[in-house]
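Here it is: the structure, laid out below.
Any value given below was found using the heavy atoms of this structure, including those in side chains, with hydrogens, waters and symmetry copies removed. Counting starts at 1 for both ligands and their atoms, following the listed order.
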Amino acid sequence: MSMAPAITTEPALTLPVLDRFGRPLRSLRVSVTDRCNLRCAYCMPEPQYAWLKREEILHFEEIAELVEIFSQLGVDNVRLTGGEPLLRHGLARLIRMLAANERLRELSLTTNGLLLAGQAQSLRDAGLTRVTVSLDTLRPDRFRSLAHRDGLPEVLAGIAAARRAGFAHLKLNTVIMRGFNEDELGALLELGRDLGAEVRFIEYMDVGGATRWSMEQVFSRDEMLASLERRYGAIERLAPEEVSAPATRFRLRDGTTFGIISSTTHPFCRACDRARLTPDGLWLLCLYARDGVNLKATLRSGAGRDQIAATIAQAWSARRDRGAEERQALHARGVLFPVEDLRRNPHLEMHTRGG
Ligand code: SAM
Ligand code: SF4
Ligand code: SF4
């Protein structure tokens, strides 16, 4: 007697998985902790926060399993972030696990740099390919007023250690806020040039957690370019490294290159291939999303890889998010979420979902 073929209820997945606007799922930002050792004014300006419960945080094995599934669906670029990712105990072990995944083309990290000097070499040895360090000012007094603690020497030592450890293509992330650090554009650019690190200036964004945001404090991409042009002469716009790259790249006459991430005034949602995983396994399809898909619950319920992959593919296929474009279209633009909502739901915070 011949056996009837097994009936599968899920259609076979075809890659890449495309959302409703034809955008593939390529890039995953994994926030490994919501804790942070700084309190940057644009990200964590409140005196108190509601934290995720420790027992809710994904184990490294769970993160690696989800990344494996995402990579089977087309993700080849993973960035570890937070909160401050270097606060997560034993991070190099996670990096080693992820680096064993041959589908990943990039495995990078965004850090505030405070703890980088002591960890750069072990992160590199574990298989991390790129590091981005956030640095908004070269003035110690400003650093303290922005981040609510001292730390500039540690961050600079962290950048130096990352170079010594052999990280090529170092990047510096700098949020520019009007009335705070727009007068340091040139100094930061020159520091980046001297260190062999490309600076990416970021417009102040009205993300969750930015409870003091206002449009008046946004120093726009056009203003940044005008200011740099006054100082350095004509600036050339470069072709993007990748269509989905968030930064537009430019070059000064002396060859120094830099990027500007202008999500506030020039959103780039139409090419967005990014999604985010919170430390407790909520998968967010947009930086501005109110809610996401609880992959930890699916994983801990005992679902198999195929079932989790189908859940992810189905959600991505239905994705219509274009959060930054919708924010830009608003007539009156204020903060994204009131403090009471953030207290009730820490998943709305930038330091939970990762920048
Ligand atoms: N703690 C790490 C750090 O600061 O690099 C990683 C997490 S942090 C949330 C990631 C990035 O988000 C940082 O480069 C930070 O400057 C950026 N960021 C946070 N809040 C922002 C805001 N309101 N506007 C623009 N960028 C922001
Ligand atoms: Fe600053 Fe990053 Fe911490 Fe936010 S998560 S407060 S941007 S260091
Ligand atoms: Fe992507 Fe959402 Fe950011 Fe737009 S706002 S670029 S859709 S994550």
Where is the nearest protein heavy atom to atom 15 (C) of ligand 1: which residue, which atom, and how far?
Tyr42 CE1, 3.9 Å

Considering only non-hydrogen protein atoms, determine which one is nearest to atom 1 (Fe) of ligand 3 and report residue, atom name and distance to 0.1 Å.
Cys272 SG, 2.3 Å

Are the side chains of Arg249 and Arg237 in touch, meaning some heavy atoms are under 4.5 Å apart?
no

Does a salt bridge link Glu198 with Arg251, judged by any charged N lying under 4.0 Å from a carboxylate O?
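Looking at Glu198 and Arg251, the cut-off is not met.
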
Of the backbone atoms (N, CA, C, O) and the side-chain heavy atoms from C-beta on, which set of Thr110 has a member under 4.0 Å from an atom of ligand 1: side chain, backbone, both, or neither?
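It is both parts that get close, each with some atom under 4.0 Å.
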
Geometric N/O contact Val175 with ligand 1, under 3.5 angstrom:
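No, Val175 has no N/O under 3.5 Å of an N/O on ligand 1.
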
Min N/O separation Thr81 to ligand 1 under 3.5 Å
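Checking ligand 1 against Thr81, no N or O pair falls under 3.5 Å apart.
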
Are any N, O or S atoms from Cys36 nearer to atom 3 (Fe) of ligand 2 than 2.8 Å?
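Yes, Cys36 qualifies, because one of its backbone or side-chain N, O or S atoms lies under 2.8 Å.
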
Using a strict 4.0 Å cut-off to heavy atoms of Asn173, name the atoms of ligand 1 that fall inside it.
14 (O)

Can you confirm, on distance only, whether ligand 1 has an N/O atom lying under 3.5 Å from any N/O atom belonging to Thr111?
yes

Between Cys40 and ligand 2, which residue portion shows a heavy-atom distance shorter than 4.0 Å: side chain, backbone, both, or neither?
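Near ligand 2, Cys40 shows its backbone as well as its side chain.
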
Got the closest protein heavy atom to atom 11 (C) of ligand 1, with its distance?
Gly355 CA, 4.1 Å

What protein heavy atom is closest to atom 2 (Fe) of ligand 3, reported as residue, atom name and distance in Å?
Cys286 SG, 2.3 Å

Identity and separation of the nearest protein heavy atom to atom 13 (C) of ligand 1
Ser134 OG, 3.3 Å

I'd like to check which ligand 1 atoms, numbered from 1 as shown, lie under 4.0 Å from a non-hydrogen atom of Glu84.
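In order of number, 1 (N), 2 (C).
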
With a 4.0 Å cut-off on heavy atoms, does Ser134 reach ligand 2?
no

Considering only NZ, NE, NH1 and NH2 on the basic side and carboxylate oxygens on the acidic side, decide whether Glu184 and Arg139 come within less than 4.0 Å.
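Not counted as a salt bridge, because no side-chain N and carboxylate O are separated by less than 4.0 Å.
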
Mode of His351 contact toward ligand 1 - side chain, backbone, both, neither (heavy atoms, under 4.0 Å):
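For His351, there is no contact with ligand 1 at all, from either part.
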
Suppose I only count heavy atoms of Gly83 and a 4.0 Å limit; which atoms of ligand 1 are within that range?
1 (N), 2 (C), 6 (C), 7 (C)

Between Arg193 and Asp254, does any NZ, NE, NH1 or NH2 come within less than 4.0 Å of an OD or OE carboxylate oxygen?
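Looking at Arg193 together with Asp254, the answer is yes, because their closest N to O distance falls below 4.0 Å.
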
For Gln314 and Ser317, test the side chains for any donor-to-acceptor distance below 3.5 angstrom and give the result as yes or no.
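Note: Gln314 and Ser317 side chains miss the donor-acceptor criterion.
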
So, Thr265 and Glu203: side-chain donor and acceptor under 3.5 Å apart, yes or no?
yes

Looking only at protein heavy atoms, which one is nearest to atom 7 (S) of ligand 3, and what is the separation?
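Answer, as residue, atom name and distance: Asp321 O, 3.6 Å.
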
Report, in ascending order of atom number, the atoms of ligand 3 lying under 4.0 Å from any heavy atom of Cys269.
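Near Cys269, the atoms of ligand 3 are 4 (Fe), 5 (S), 6 (S), 7 (S).
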
Is it the case that atom CZ in Arg270 sees more than 12 heavy atoms from other parts of the structure closer than 6.0 Å?
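Open: at most 12 neighbouring heavy atoms sit under 6.0 Å from CZ of Arg270.
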
In ligand 3, the atoms that come under 4.0 Å of a heavy atom of Tyr288 are 5 (S)

Which residue owns the protein heavy atom closest to atom 17 (C) of ligand 1, what's the atom, and how far is it?
Met350 CE, 4.2 Å

Short N-O contact, Arg144 and Asp141, less than 4.0 angstrom:
no

Please indicate whether Glu61 has more than 12 foreign heavy atoms, meaning atoms of other residues, nucleotides or ligands, lying under 6.0 Å from its CD.
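Above 12, so yes.
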
Hey, are Asp19 and Arg320 close enough for a salt bridge, meaning a charged N less than 4.0 Å from a carboxylate O?
no

Per-atom filter on ligand 1: closer than 4.0 angstrom to a heavy atom of Gly82 are 7 (C), 9 (C)

Apply the test side-chain hydrogen bond (donor to acceptor under 3.5 Å, both in side chains) to residues Thr278 and Asp280: give CA-CA distance (whole Å), side-chain angles for both, the deciding distance (0.1 Å), then the verdict.
CA-CA 5 Å; Thr278 65; Asp280 60 341; 2.6 Å; yes

One thing to verify: whether Asp183 and Arg178 come together as a salt bridge, which I'm taking to mean a side-chain N less than 4.0 angstrom from a carboxylate O.
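So Arg178 does not pair with Asp183 through a salt bridge.
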
Is the CD atom of Glu190 crowded by more than 12 outside heavy atoms at less than 6.0 Å?
yes

Atoms of ligand 1 close to Ile202 [distance to a heavy atom under 4.0 angstrom, numbered from 1]:
25 (C), 26 (N)

Ignoring hydrogens and angles, state whether a donor on the side chain of Thr81 or Arg353 is under 3.5 Å from an acceptor on the partner side chain.
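The answer is no; no qualifying pair exists.
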
Should we say atom CD of Glu236 is surrounded by more than 12 heavy atoms from elsewhere, each under 6.0 Å from it?
yes

Does the pair Glu84/Arg35 count as a salt bridge with the N-to-O cut at 4.0 Å?
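Not counted as a salt bridge, because no side-chain N and carboxylate O are separated by less than 4.0 Å.
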
Any salt bridge linking Arg26 with Glu242? Criterion: basic side-chain nitrogen under 4.0 Å from a carboxylate oxygen.
no

Ligand-residue contact atoms, ligand 3 with Leu287, heavy atoms, under 4.0 Å:
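It comes down to these atoms of ligand 3: 2 (Fe), 8 (S).
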
Among all the protein's non-hydrogen atoms, which is closest to atom 4 (Fe) of ligand 2, and how far away is it?
Cys43 SG, 2.5 Å

N/O to N/O below 3.5 Å, does that happen between Tyr204 and ligand 1?
no

Numbering the atoms of ligand 2 from 1, which are under 4.0 Å from a heavy atom of Met44?
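Close to Met44: 6 (S).
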
Which ligand 3 atoms, with their elements, are less than 4.0 angstrom from a heavy-atom of Gly323?
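Ligand 3 atoms under the 4.0 Å threshold to Gly323: 2 (Fe), 5 (S).
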
Among all protein heavy atoms, pick out the one at the shortest distance from atom 24 (N) of ligand 1; state its residue, atom name and that distance to 0.1 Å.
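The closest heavy atom on the protein side is Met205 N, 2.9 Å.
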
Closest protein heavy atom to atom 5 (S) of ligand 3, given as residue, atom name and distance to 0.1 Å
Ala324 N, 3.1 Å

